[in-house]
Amino acid sequence: MMLIPAHHFRDIERKPEYLQPEKCVPPPHPSPVGTMWFIRDGCGIACAVVTWFLVLYAEFVVLFVMLIPSRDYVYSIINGIMFNLLAFLALASHCRAMLTDPGAVPKGNATKEFIESLQLKPGQVVYKCPKCCSIKPDRAHHCSVCKRCIRKMDHHCPWVNNCVGENNQKYFVLFTMYIALISLHALIMVGFHFLHCFEEDWTKCSSFSPPTTVILLILLCFEGLLFLIFTSVMFGTQVHSICTDETGIERLKRKHQPRERTSSWKSVKETFGGDFSLNWFNPFSGLRHPKPPSDSGWVRQVASLSDTENTETTEEHSEQRKDEDSVEVIDE
């Protein structure tokens, strides 16, 4: 079998015909500007509904089992305001994380005209996703649930029924933070309520019967402890990913490609939308300028010819490696 220098295939990769753009037809009815982003996934929708149900259950127990029956009105008002505010911010962050486009690459843009418009230079290649027929920018990954390539995709979270990516990572971080805070707050109030009921008559510390009160509080305690641990771990993982400028997928696959990394503080500011302010904690404030990649963002730089001296490969092996590169960034 004839051996062909590796740089010959880089010339082929720069040709639109190599990516078979004729098989990529843009969607016949593109979504109009301003269309709400929503993933129609049964599992994700069920998880999102369960999330809201659990928060509302905690709201019910906190208000009607612990705070309203309490004779300490100052304690009830302060804790009621705090808990309801955190619960509102948590659900608002959940909605923003679920309904915000995480950074989806335009579907079906791997056309011959688009590839030629990039005017690739020697040492530059483009990668096409075989599933959504899109030219994949650097650090983009395909999500089999969203059926799209997502820029800086960290992972797909069924609890928010969406991918966590470039445009909605802030809302996901806020969601995990506020859920962890209301879980901790609920656990503290449950502890105080149990101590109060042990010191006094159980029939006077709640409007429900003692067995019902105990069951409701134990369930809330179990829910709060479970979600406190889960969301705290997720919050820490997300903050670490932002500070290191490395997504969860990149970390799991050890995909340390040579690239210029953003400093920790700059990466945090880009994620939360500017210099430090209260808007960092506001789920209703968006990113300043969420933009799609520029023309240079669609191409990737390969190693120079001098780095691959004395490297030869067969055409069959080159095609196989190319397929592996395409499949490697598709997250099943």
Side-chain angles (χ1 to χ4, degrees), residues 41-99 157-162 164 171-239 278 281-284:
D41 174 57
C43 177
I45 294 173
C47 288
V49 171
V50 169
T51 300
W52 275 68
F53 171 78
L54 292 175
V55 173
L56 294 178
Y57 170 77
E59 183 83 17
F60 169 79
V61 176
V62 168
L63 290 180
F64 295 99
V65 177
M66 293 189 288
L67 296 183
I68 292 179
S70 175
R71 286 173 290 183
D72 189 342
Y73 298 112
V74 175
Y75 171 85
S76 297
I77 291 174
I78 293 176
N79 282 280
I81 292 176
M82 286 179 58
F83 188 86
N84 280 278
L85 178 61
L86 292 174
F88 172 75
L89 291 173
L91 293 179
S93 300
H94 182 270
C95 285
R96 291 302 301 271
M98 179 172 58
L99 303 178
C157 179
W159 296 104
V160 298
N161 189 33
N162 201 1
V164 178
Y171 309 125
F172 183 76
V173 171
L174 293 181
F175 168 66
T176 57
M177 182 183 72
Y178 288 129
I179 290 294
L181 288 176
I182 64 173
S183 298
L184 178 62
H185 191 196
L187 287 172
I188 293 173
M189 285 190 291
V190 168
F192 278 114
H193 197 75
F194 267 120
L195 291 176
H196 173 70
C197 291
F198 281 134
E199 293 176 355
E200 297 191 8
D201 188 357
W202 274 88
T203 58
K204 296 181 180 179
C205 69
S206 176
S207 56
F208 295 89
S209 63
T212 303
T213 300
V214 172
I215 292 174
L216 291 174
L217 291 178
I218 290 177
L219 289 177
L220 178 60
C221 189
F222 177 76
E223 175 193 340
L225 185 61
L226 179 65
F227 278 93
L228 174 61
I229 296 173
F230 176 72
T231 54
S232 296
V233 171
M234 288 302 300
F235 175 78
T237 302
Q238 289 299 301
V239 172
L278 289 178
F281 308 99
N282 180 11
F284 297 100

**Item:** side chain to side chain donor-acceptor pair (under 3.5 Å) involving His185 - partner list, sequence neighbours excluded
**Value:** Asn79

**Item:** Validation row: Phe175, Thr51 side chains within 4.5 angstrom (heavy atoms)
**Value:** yes

**Request:** Over all heavy atoms of both residues, which pair between Pro283 and Ser93 is shortest? Give the atoms and the distance, please.
**Result:** CB-OG, 3.4 Å

**Minimum heavy-atom distance Ser183-Gly224, with the two atoms named** = CB-O, 3.4 Å

**Asked** Among pairs that include at least one residue of residues 211-225, which meet salt bridge (Lys or Arg N to Asp or Glu O under 4.0 Å), considering only residues two or more places apart or in two chains?
**Response** none

**Request:** List for me each residue that meets side chain to side chain donor-acceptor pair (under 3.5 Å) alongside Ser76, sequence neighbours excluded, and say none if there are none.
**Result:** none

**Request:** Not counting sequence neighbours, which residues clear ring-ring contact (aromatic ring centres under 6.0 Å, His included) with Phe172? List them please.
**Result:** His155

**Prompt:** Excluding sequence neighbours, so at least two apart, what forms disulfide bond (SG atoms under 2.5 Å apart) with Cys197?
**Reply:** Cys205

**Message:** List the residues meeting side-chain contact (heavy atoms from CB on, under 4.5 Å) with Ile188, not counting sequence neighbours, and say none if there are none.
**Reply:** Leu184, Phe192

**Asked** Do you know the tightest heavy-atom contact between Leu187 and Cys221?
**Response** CD2-O, 3.4 Å

**Any pair counted as salt bridge (Lys or Arg N to Asp or Glu O under 4.0 Å), so long as it reaches residues 71-93, sequence neighbours left out** = Arg71-Glu200

**Request:** Working to the nearest 0.5 Å, report the span between OH of Tyr57 and CZ of Phe60.
**Result:** 8.0 Å

**Item:** Backbone of Tyr171 reached by a side-chain donor or acceptor of Arg96 within 3.5 Å
**Value:** no

**Item:** Residues forming a side-chain contact (heavy atoms from CB on, under 4.5 Å) with Thr213, sequence neighbours excluded
**Value:** Val65, Trp202, Ser206, Phe208, Leu217

**Prompt:** Are any of the side-chain heavy atoms of Cys95 and Trp52 separated by less than 4.5 Å?
**Reply:** yes

Donor-acceptor contacts, no H, no angles, side chain residues 232-239, under 3.5 Å, sequence neighbours left out:
| unit_1 | atom_1 | unit_2 | atom_2 | d |
| --- | --- | --- | --- | --- |
| Ser232 | OG | Leu228 | O | 2.6 |
| Thr237 | OG1 | Val233 | O | 2.8 |
| Gln238 | OE1 | Gln169 | NE2 | 2.9 |
| Gln238 | NE2 | Asp154 | OD2 | 3.0 |

**Message:** To the nearest 0.5 Å, what is the distance between OG1 on Thr176 and NE2 on His94?
**Reply:** 11.5 Å

**Message:** Could you measure the distance from the CE atom of Met66 to the CE atom of Met189? Nearest 0.5 Å is fine.
**Reply:** 4.5 Å

**Prompt:** Is there a side-chain contact between Leu67 and Tyr75, using heavy atoms and a 4.5 Å cut-off?
**Reply:** yes

**Request:** Using side-chain contact (heavy atoms from CB on, under 4.5 Å) as the criterion, list what pairs up with Leu56, not counting sequence neighbours.
**Result:** none

**Prompt:** Are any of the side-chain heavy atoms of Tyr178 and Phe281 separated by less than 4.5 Å?
**Reply:** yes

**Request:** Using a 4.5 Å cut-off on heavy atoms from C-beta on, say whether the side chain of Ile179 contacts that of Ile182.
**Result:** yes

**Prompt:** Would you say Asn161's side chain and Met98's backbone share a donor-acceptor pair under 3.5 angstrom?
**Reply:** no

**Request:** Keeping to residues at least two apart or across chains, list the salt bridge (Lys or Arg N to Asp or Glu O under 4.0 Å) pairs with something in residues 177-190.
**Result:** none

**Complete:** Applying side-chain contact (heavy atoms from CB on, under 4.5 Å) to Val50 and not counting sequence neighbours gives Leu54, Trp159

**Message:** For the CD1 atom of Ile218 and the CZ atom of Phe194, what is their distance to the nearest 0.5 Å?
**Reply:** 5.5 Å

**Message:** Are the side chains of Leu278 and Asn282 in contact, using a 4.5 Å heavy-atom criterion?
**Reply:** no

